Amino acid sequence: KDALDRMAHFGSQVHAVRKRHVPSAHWFLMIIGVVPELQGRGCASVLLAPMLAKISQQHMPCYLDTEVEKNIARYNRYGC
């Protein structure tokens, strides 16, 4: 139960931050990850491309969180 309570608390905190940054309707890309051994081989593009195409067709913004500062430049290349 402790783990579920922590996850629920974390989710509510993420939701509050997201709502401040993007108050209008948007897509939230919650979890995207590539195991270290496969990073740098285009896996992120394979994961993101279909979803970003759908988002683009709907003319909606998307939002994602990252804990790694170097990921900001990576996601910006995809228009995130």
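Everything numeric here is computed off the predicted structure, so don't read it as measured data.
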Side-chain contact test, heavy atoms from C-beta onward, threshold under 4.5 Å: evaluate it for Tyr75 versus Leu48 and give yes or no. yes

Would a hydrophobic clustering, with Ile, Leu, Val, Met, Phe, Trp and Tyr connected at side-chain separations under 4.5 Å, put Leu38 with Val46? no

Nearest-0.5 Å distance, SG of residue Cys43 to CD of residue Glu37: 10.5 Å

Would a 4.5 Å heavy-atom cut-off, applied to side chains only, mark Phe28 and His15 as touching? no

Going by heavy atoms in the side chains, are Leu52 and Leu29 under 4.5 Å from each other? yes

Heavy-atom closest pair (Pro61 atom, Ser24 atom, distance to 0.1 Å) is CG-OG, 4.4 Å

Shortest non-hydrogen separation from His26 to Arg18 and the atoms involved: NE2-CD, 3.3 Å

Taking atom CG of Asn71 and atom CD of Glu69, what is their separation to the nearest 0.5 Å? 10.0 Å

Has His9 got more than 12 heavy atoms of other residues, nucleotides or ligands less than 6.0 Å from its NE2? no

Within the structure provided, determine whether Tyr63 and Val17 are in side-chain contact (heavy-atom separation under 4.5 Å). yes

Got a sec, which residues hit side chain to side chain donor-acceptor pair (under 3.5 Å) with Ser45, two or more places apart in sequence or on another chain? Tyr78

Working to the nearest 0.5 angstrom, can you tell me the gap between Leu64 CG and Met51 CE? 12.0 Å

